[in-house]
2 protein chains.
Amino acid sequence: MNSSEFRRRGKEMVDYVANYMEGIESRQVYPDVEPGYLRPLIPAAAPQEPDTFEDIISDVEKIIMPGAASPACTELESVMMDWLGKMLELPEAFLAGNTGKGGGVIQGSASEATLVALLAARTKVTRRLQAASPELTPGAIMEKLVAYTSDQAHSSVERAGLIGGVKLKAIPSDDNFAMRASALQEAVERDKAAGLIPFFVVATLGTTSCCSFDNLLEVGPLCNKEDMWLHIDAAYAGSAFICPEFRHLLNGVEFADSFNFNPHKWLLVNFDCSAMWVKKRTDLTGAFKLDPVYLKHSHEDSGLITDYRHWQLPLGRRFRSLKMWFVFRMYGVKGLQAYIRKHVQLSHEFESLVRQDPRFEICAQVILGLVCFRLKGSNKLNEALLQRINSAKKIHLVPCHLRDKFVLRFAICSRTVESAHVRLAWEHITELAAAVLSAERE
Amino acid sequence: MNSSEFRRRGKEMVDYVANYMEGIESRQVYPDVEPGYLRPLIPAAAPQEPDTFEDIISDVEKIIMPGAASPACTELESVMMDWLGKMLELPEAFLAGNTGKGGGVIQGSASEATLVALLAARTKVTRRLQAASPELTPGAIMEKLVAYTSDQAHSSVERAGLIGGVKLKAIPSDDNFAMRASALQEAVERDKAAGLIPFFVVATLGTTSCCSFDNLLEVGPLCNKEDMWLHIDAAYAGSAFICPEFRHLLNGVEFADSFNFNPHKWLLVNFDCSAMWVKKRTDLTGAFKLDPVYLKHSHEDSGLITDYRHWQLPLGRRFRSLKMWFVFRMYGVKGLQAYIRKHVQLSHEFESLVRQDPRFEICAQVILGLVCFRLKGSNKLNEALLQRINSAKKIHLVPCHLRDKFVLRFAICSRTVESAHVRLAWEHITELAAAVLSAERE
């Protein structure tokens with residue numbers, strides 16, 4: 001949507017809200033619809049080509065308003081998570097459909113999704129062990145639980161371990177910054193021999209530092225064999241899997257218990273919107289379910305309804321699936337794919353500029369929209385370059401460490417980025433690099 | 001703001017956003033301001049009388065835009081939480097100011113605030129015990145930790161205990177549904193004698209079921225004496241404490257370590273906005289702080305800055321303090337007080353209608369905007385009445401149990417509610433009650 005259409009549609013929406021407020025007394029306080037009303041009213045998958053804004057608004061009045069906040073808010077979320085899951089070609093087991101045992105939920109952040117998965121896994125293993133040995137207390141079990149993730153994983157995984165009160169061990173990644181089964185297996189064997197209980201693994205697809213990918217096809221079967229919950233954190237990279245040419249990066253998801261990525265990062269949905277799927281929804285509800293009388297309703301456990309409050313940390317919820325519905329329909333799957341492809345192409349354009357300059361090196365394989373690069377030379381030199389870049393305030397780069405190297409990260413992430421921006425940024429960087437190099441020689 | 005002003009201002013805001021997007025390339029990617037820039041630019045307290053919309057928008061351009069998303073987002077939040085804390089007359093220790101050890105943070109929900117407090121308390125007691133007895137493992141300590149709350153507390157407290165992996169015990173409330181020190185002390189003594197470690201208490205001001213108030217002036221000193229973290233959950237009732245005549249309900253907050261209420265419930269701030277204060281911010285940051293290189297910045301630990309990511313469960317944050325700034329300024333403290341007073345007055349109006357009808361009884365003291373009432377007679381009778389009310393879909397009531405009684409709850413909570421609505425609702429209820437009573441006699 002360009003700026004002039006935004007002005008027009010934005011003002012129409014303001015009037016829509018004002019009209020709603022003016023007419024609110026003539027509306028029912030409680031909807032007439034029955035649970036499950038919404039799914040048959042909308043297509044089973046996202047459109048390939050864009051819908052018009054008029055079509056979408058007319059559906060809001062026709063499909064959402066009669067379902068008011070509840071159950072429309074819950075039901076649209078279930079269906080949108082199925083749409084998105086289908087775009088990613090997630091295995092059927094992760095979809096809710098009408099009768100599925102799995103399904104998706106919108107969380108606020110990937111951090112929360114990881115924590116929710118860890119807590120569900122903790123409950124599940126505790127129950128399993130207590131069923132076998134009723135004399136075990138939860139405390140005695142928790143003290144022995146151990147979770148694993150790559151040494152490249154996001155800090156939120158370590159935080160989930162802290163909050164959940166379980167040990168978390170970092171598995172050394174390989175030369176491509178990927179977690180491999182051999183290193184994981186070694187840790188698991190050592191811990192089992194020491195009397196600990198391995199129960200949870202977080203694999204990352206698209207790490208924060210350098211967008212590396214853990215080896216799911218190796219790690220997945222190991223998790224299944226050892227009865228460890230496998231959670232996949234694809235916070236950034238997940239959006240790319242809607243393109244067939246990037247879908248292979250998700251191979252192995254079939255071994256996972258839960259999967260998460262952030263449409264708010266790279267799929268044009270405004271912050272916050274973190275999409276999480278599980279294969280067995282009862283794993284989540286089993287961990288969190290509490291039913292006071294003021295939250296009871298006549299449709300409890302009807303099979304038709306989803307009580308998302310048992311799937312998450314907060315109780316209250318916002319109607320975030322509307323954002324997904326609008327974005328998926330206004331772009332169509334093809335429009336979203338084109339957006340991802342453009343970003344990846346621009347990052348390769350930047351990569352080739354870097355590779356043509358012998359003063360620089362590329363530090364990790366460029367797979368999606370992130371380019372890790374640096375001046376050949378000391379960390380001090382690169383810290384000085386970063387300092388100049390960020391002080392000039394024309395572009396902004398966030399660094400990382402890859403092993404002992406201080407590395408600069410060029411991330412393609414703006415909705416409106418074009419080739420011209422990339423070339424300007426590179427010119428700017430090389431000018432500052434020349435200055436840094438000449439200062440070093442003095 | 002009435003409907004026609006909303007139309008006008010809403011459309012101005014759409015243009016503001018479109019202009020911003022059109023001019024974005026001429027803006028710096030990184031602000032020029034230094035940490036701490038914002039506080040001196042705005043008043044130390046909320047205005048008593050409303051500001052004009054023009055004044056607020058002009059301040060957005062002047063004060064917020066130069067600070068971009070960061071640090072403006074963080075700094076406005078600190079100042080707004082101070083404004084709100086001052087409205088409530090929170091003790092100075094809870095305010096951040098320029099040099100305070102406490103401060104406020106916006107959480108997504110009261111559930112998250114309770115969980116964050118419990119986790120901070122868990123870390124604090126674990127460190128204290130390990131400092132005294134280094135041989136103790138965290139697991140051995142966690143197994144002995146015990147938290148307390150009233151049997152009237154919200155289910156989210158029990159959930160926080162589940163997630164945090166600690167025992168949570170319900171203290172029997174008194175005849176007014178309040179937690180008293182004597183019952184709490186009894187439980188603490190019994191648990192200590194059994195070798196457990198009491199460490200955390202959640203007191204509720206304004207319970208969900210009947211808006212009862214735990215006795216803070218009794219419970220607070222006991223928590224301090226026993227070295228238990230006291231968290232106060234005033235999710236609904238907290239907004240009322242901005243009125244001097246209701247502030248006494250908060251007496252005893254000086255004994256608490258953390259305090260929370262939801263401006264999104266009753267202070268005209270849109271969902272979500274849950275306001276949490278702590279006396280010692282290091283208690284929170286100590287529990288959650290992890291510092292990967294990609295989140296490091298040059299102002300770390302400068303004393304001037306607040307890293308809210310260490311205060312909460314998610315990593316990412318939204319700019320929710322803007323909502324508070326707009327609401328506090330557009331209403332002024334007096335406007336917000338008038339709004340609270342009107343709701344309380346309307347609930348007393350409903351109460352007096354109920355009291356005038358000998359078929360009905362009031363089931364709990366009416367203090368704020370909630371009236372608990374029922375037909376004199378069996379639970380079955382009242383369940384039938386509720387069924388008729390909610391099937392008619394003119395009004396919607398959510399019930400509760402008070403001891404063995406099934407009770408109806410009439411809640412005043414709409415922004416636009418008037419006396420006429422209350423009287424209409426009462427007429428409707430009495431008509432349906434007559435039908436239910438006559439059906440019973442047949």
Side-chain angles (χ1 to χ4, degrees), chain A residues 3-4 6-7 10-11 13-15 17-18 21-22 24 28-30 32 108-112 115 119 122 137-140 142-144 154-156 158-159 162-165 208-209 271-272 287-288 290-295 313-316 318 390 393-396 398-401 409 416, chain B residues 3-4 6-7 10-11 13-15 17-18 21-22 24 28-30 32 108-112 115 119 122 137-140 142-144 154-156 158-159 162-165 208-209 271-272 287-288 290-295 313-316 318 390 393-396 398-401 409 416:
Chain A
S3 179
S4 72
F6 176 82
R7 285 180 204 271
K11 290 170 190 177
M13 290 304 297
V14 168
D15 280 326
V17 172
M21 294 309 297
E22 284 172 4
I24 199 164
Q28 264 182 197
V29 297
Y30 203 80
D32 280 328
S109 64
S111 306
E112 285 164 278
L115 176 58
L119 295 170
R122 192 186 73 181
T137 62
M142 269 176 70
E143 191 159 32
K144 292 188 172 171
H154 191 266
S155 60
S156 55
E158 186 178 349
R159 213 146 173 272
L162 265 182
I163 292 170
T208 307
S209 292
F271 187 78
D272 53 10
F288 296 123
L290 291 172
D291 271 321
V293 66
Y294 49 82
L295 295 177
L313 300 174
L315 178 61
R318 284 166 287 135
N390 285 345
K393 299 182 184 183
K394 285 190 165 183
I395 62 173
H396 189 75
V398 174
C400 74
H401 283 292
R409 295 162 65 260
T416 54
Chain B
S3 180
S4 71
F6 176 82
R7 286 181 203 272
K11 291 170 189 176
M13 289 304 296
V14 168
D15 280 326
V17 172
M21 294 309 295
E22 285 172 2
I24 199 165
Q28 265 181 195
V29 296
Y30 202 81
D32 280 328
S109 64
S111 307
E112 285 164 277
L115 176 58
L119 294 170
R122 192 185 75 179
T137 62
M142 269 176 70
E143 194 160 28
K144 293 189 173 171
H154 191 265
S155 60
S156 56
E158 186 178 350
R159 213 147 173 271
L162 266 182
I163 292 170
T208 308
S209 292
F271 187 78
D272 52 10
F288 296 123
L290 292 172
D291 271 321
V293 65
Y294 49 81
L295 295 178
L313 301 173
L315 178 61
R318 283 165 288 135
N390 285 345
K393 299 183 184 181
K394 285 191 168 186
I395 62 172
H396 190 74
V398 174
C400 74
H401 283 292
R409 295 160 66 261
T416 54

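Just so we're on the same page: letters track the sequence lines, and every chain starts at 1.
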_Using heavy-atom distances under 4.5 Å, tell me whether Ile395(A) contacts chain B through its side chain, its backbone, both, or neither._
backbone

_Option in Pro314(A), Gly10(A), Ser109(A) with maximal non-hydrogen atom pairs under 4.5 Å from chain B_ = Pro314(A)

*NE2 of His154(B) to CG of Leu315(A): how many Å apart, nearest 0.5 Å?*
5.0 Å

_Interchain contact, Leu313(A) with chain B, by part (heavy-atom threshold 4.5 Å)_ = both

*Reported CD1-to-CG distance for the pair Ile163(A) and Leu115(B), which is rounded to 0.5 angstrom*: 7.0 Å

_Is Gln28(A) close to chain B through its backbone or its side chain, or both, or neither, when contacts mean heavy atoms under 4.5 Å?_
both

*Under a 4.5 Å heavy-atom cutoff, which of Lys393(B), Glu22(B), Lys394(B) has the most pairs with chain A?*
Lys393(B)

_So which residue, Gly139(B), Pro138(B), Ala18(B), ends up with the most heavy-atom pairs under 4.5 Å with chain A?_
Ala18(B)

*asked:* Determine whether a donor-acceptor pair (N or O, by modelled atom type, separation under 3.5 Å) exists between the side chain of Glu143(A) and the backbone of Ala140(B).
replied: yes

*Would you mind telling me which of Asp15(B), Leu119(B), Asp272(B), Asn390(B) has the largest number of heavy-atom pairs within less than 4.5 Å of chain A?*
Asp15(B)

*Indicate the atoms forming the closest heavy-atom contact of Phe6(A) with Val14(B), along with that distance.*
CE2-O, 3.6 Å

*asked:* Given heavy-atom pairs under 4.5 angstrom as the criterion, report whether the side chain, backbone, both or neither of Lys11(A) touches chain B.
replied: both

*Looking at His396(B), Arg7(B), Met13(B), Glu112(B), which makes the most heavy-atom pairs under 4.5 Å with chain A?*
Arg7(B)

_Partner chain B: residue of Met21(A), Met142(A), Arg122(A), Lys144(A) with the largest heavy-atom pair count (under 4.5 Å)_ = Arg122(A)

